[in-house]
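The next block holds one structure in the form of structure tokens; read it before the comments.
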Protein chains: 2
Amino acid sequence: METIPKKNCSTDHEEVRRVNTVTIKDVAAAAGVSVGTASRVLSGNPATSAASRERVAAAVERLDFHPNAQARSLRSTRTRTIGLLVSDVRNQFFADLAHAVEQAALEHGYAILLGNANEREDQQDRYLNTLISQRVDGIILAPQGDGNGVIRSLLRRGIPTVFVDRTVDGIDLPSVTTDSVHGIRQAVAHLAGQGHTRIGYIAGPQSISTGRDRFTAYNQAIADNRLPKDPALVYFGDFQAASGSAGVRVLLNLDQPPTAILAADSPMAAGAVAMLHRMGSRIGTDIALVAFDDIEWFALLQPALSVISHSVEDMGRAAVDLLLQVIDGGTPESIVLPSELIVRASSSTPNHPGSVSGLRKN
Amino acid sequence: METIPKKNCSTDHEEVRRVNTVTIKDVAAAAGVSVGTASRVLSGNPATSAASRERVAAAVERLDFHPNAQARSLRSTRTRTIGLLVSDVRNQFFADLAHAVEQAALEHGYAILLGNANEREDQQDRYLNTLISQRVDGIILAPQGDGNGVIRSLLRRGIPTVFVDRTVDGIDLPSVTTDSVHGIRQAVAHLAGQGHTRIGYIAGPQSISTGRDRFTAYNQAIADNRLPKDPALVYFGDFQAASGSAGVRVLLNLDQPPTAILAADSPMAAGAVAMLHRMGSRIGTDIALVAFDDIEWFALLQPALSVISHSVEDMGRAAVDLLLQVIDGGTPESIVLPSELIVRASSSTPNHPGSVSGLRKN
DNA sequence: CTGAAAGCGCTTACAG
DNA sequence: CTGAAAGCGCTTACAG
């Protein structure tokens, strides 16, 4: 009675994979009820007798039945699956975000289909197509690009989607983002307060909303603190580590190098640290360094890195909440999370910085 | 002709999500061919005329058709989806592994359904059930537990599965693991060569194969180098950061504390670093430190951490290769990847360590 | 509370 | 090369 042999068309080639798939039909037969009744028991429909429930449960147990989610969702159009597309899993921030989203989704009975765009629009679009084809119930997206690719399909098809961390201009979807203004303003004020007047900035790409927002916030903060504005102090990176290193090299080779540097995300900050080490510039002594994103590793560096912190747990949880509301037909408001400066040793430059490392190179 | 209104049973409640789902029927109608022909064109079946191909392609484009993967796999029993279940996404090693697996899978046209066990067997089993229900074509698993849970279902159902990084005793599945013996032997010899005789070890859990393997390798290396064996020098952690910190505290409070410490994975090493900082013990001077796993952050610490390195890219790629072979009905051999010591400043203790930090505490 | 039957969107022999 | 039809494993009104 177990493993009822299916009319298996395979020519007995031994290559008989998955013969052992037990279906709801097998369960129904074993329990002595109809398929409909078995289905009702399985889906928790109250219109079932205690007797059926017991017999079906026993059969499920005995046959080790796992309902075919494909078939189920083909009828019910719900897959209980959420697609999460991040920009770069190896970026600790997104790994933490993936974890937060996954835990929050799990609580609501959803599994996460994780995609990794590698900060590239073509890979994002490829995954987006996969997610659409897999008929995920909704998508949480840290977007790439200008919204002229597959993102349009998402909207057209009415697939519940929310943006996380980033947004796309002209695409009106609920989002969870960080208000970078407050944290960056604090950071610049903190540095200016110590006498720094030349604060370098390693910016993210201006094609990405967080890259733009943080850059705007930096410019604003420079102006607010009446610091001289010098375009040479800004290096445009790509949110990845190598560009952080490149940025440091360029900035430190300036005729008038900065005495403090702000990096717009954690991989670039890591790259900056590596290059500062290589160039023999002592962080917290020769140069102050502050990073956007709070990663546990930053606290382990010596000196520990000052960071602009925002809660990745809150972000992940909020994104799931928002998406669930959209799936339920709601139109939730976007959420903006706060950012906050955490001062550590890397930006505590006791000696007047101008005199320590501001020495002209020629 | 676009969006042909489906016989939509929704009571016009406005809650008409996904009306706009276009099916292969719509495509066939728009292209003026039968559903069968449309299907053949879509799946690249050569038995199609150039004319049909063109008309179908045009219809697909115009209607923005995305085939329903659920329905497709219901017939073909292939989902083109691989489940990857890692122990902890926030662990940089596994994030890197996820990335490597995902890239390798993408090359073969597979999407990855990523699960995160959080180093817990119950969460692993829950995800495993989801993956089975989703009918993934195969599973790449960094396993938890003793193999008496859902893993048995995997075997019974013949679902193609390979182990990665870890294995489970008594479960015979192809695997990709690291040979820890060589790297750990090198590390201990390197430390012993500098005069260290008391080498502490922060072990992983003995319920996990990598925890056991590395511990065995450590014991072996201690014996090989004719170092005194002292059980007090071993602290058993759980592969997570907090236990690395706890381990350092315990070991440094010994009457005869170690002058060198080896941590069995990167999160525990990070925890160890944090605690050494807090206790004012200078890495590379007061104490030597070596970590298993090569994470980019380790190179950024000052002093940079010596590590036992193994290639996570190779591991991810090999796991996908193996799984693909299993899916194709093969029975591939397991793969064991090498490990190698990389010496950096954290384990270069020029002064005779015994005299520097081996001073008795009482 | 239960069974028989239709149907979700595809694929795939089967004839032609 | 193509169409008509069966069927993958479920769910869900419809009667009873």
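Computation of the quantities below employed the complete heavy-atom set of this structure, encompassing side-chain atoms and omitting hydrogens, waters and symmetry-equivalent molecules. Reminder, nothing fancy here: chain letters follow the sequence lines and each chain counts from 1. Model, not experiment: these values are computed from the prediction.
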Atom pair distance, as rounded to whole Å: CD in Glu54(A) and C1' in dC1(C) = 15 Å
Using the P atom as the reference point in each nucleotide, state the distance between dC10(D) and dC14(D) in Å, no decimals.
-> 24 Å
Output the residues of residues 32-48 of chain A in contact with DNA chain D, where contact means a heavy atom of the residue under 4.0 Å from an atom of the strand; sort by number or write none.
-> Val35(A), Gly36(A), Ser39(A), Arg40(A)
Take atom CZ of Arg78(A) and atom C1' of dC8(C), then tell me their distance rounded to the nearest Å.
-> 16 Å
Can any side-chain N or O of Ser209(A) pair as donor or acceptor with the backbone N or O of Arg166(A) at less than 3.5 Å?
-> no
Rounded distance in Å between the P positions of dA6(D) and dT2(D) | 22 Å
In whole angstrom, what separates Asn68(B)'s CG from dG7(C)'s P?
-> 18 Å
Arg55(B) CZ to dT2(D) C1': how many Å, rounded?
-> 14 Å
Check: Arg135(B) main-chain N/O paired with Thr79(B) side-chain donor or acceptor under 3.5 Å = yes
Leu74(B) has its side chain closest, among dT11(C), dT2(D), dG9(D), to dG9(D)
Which residue lies toward the 5' end of DNA chain C, Ser52(A) or Phe65(B), if each is placed at its nearest nucleotide?
-> Ser52(A)
Establish, with yes or no, whether the OP1 or OP2 oxygen of dT2(C) is under 4.0 angstrom from a side-chain nitrogen or oxygen of Ser49(A).
-> yes
Above 12 or not: heavy atoms from other molecules or residues under 6.0 Å from CZ of Arg80(A)?
-> yes
P spacing across the pair dA13(C) / dG9(C), given as an integer number of angstrom = 23 Å
With rounding to whole Å, what would you report as the distance between dA5(D) and dC1(D) at their P atoms?
-> 23 Å
Could you state the atom-to-atom distance from NZ of Lys25(B) to P of dA4(D) in whole Å?
-> 13 Å
Just how far, in rounded Å, is C1' of dG9(C) from CD of Gln70(B)?
-> 10 Å
Would you mind reading off the distance between Ile24(B) atom CD1 and dG9(C) atom P, rounded to a whole angstrom?
-> 11 Å
May I ask you to decide if Thr177(B)'s main-chain N or O and Ser175(B)'s side chain share a donor-acceptor pair within less than 3.5 Å?
-> no
Looking at side-chain heavy atoms only, is the closest gap between Gln124(A) and Leu141(A) below 4.5 Å?
-> yes
Donor-acceptor contact present, side-chain Ser52(A) to main-chain Thr48(A), <3.5 Å | no
Could you tell me whether a side-chain N or O of Thr161(A) sits under 3.5 Å from a main-chain N or O of Ile159(A), the two making a donor and an acceptor?
-> yes
Here the distance between atom C1' of dT11(D) and atom CZ of Arg75(A), to the nearest Å, is 5 Å
With distance as the sole test, does Arg157(A) use its side chain to make a donor-acceptor pair with the main-chain N or O of Asp64(B) at under 3.5 Å?
-> yes
Want to know the stems of DNA chain D: at least 3 consecutive Watson-Crick or G-U pairs with distances under 3.5 Å, which are they?
-> C:1-3 with D:14-16, C:5-12 with D:5-12, C:14-16 with D:1-3
Does the Asn45(B) side chain pair with the main chain of Ala47(B), one donor and one acceptor, at a distance under 3.5 Å?
-> yes
Report the residues that fulfil side chain to side chain contact (heavy atoms under 4.5 Å, CB included) with Ala71(A), sequence neighbours left out, ordered by chain and then residue number.
-> Asn68(A), Leu74(B)
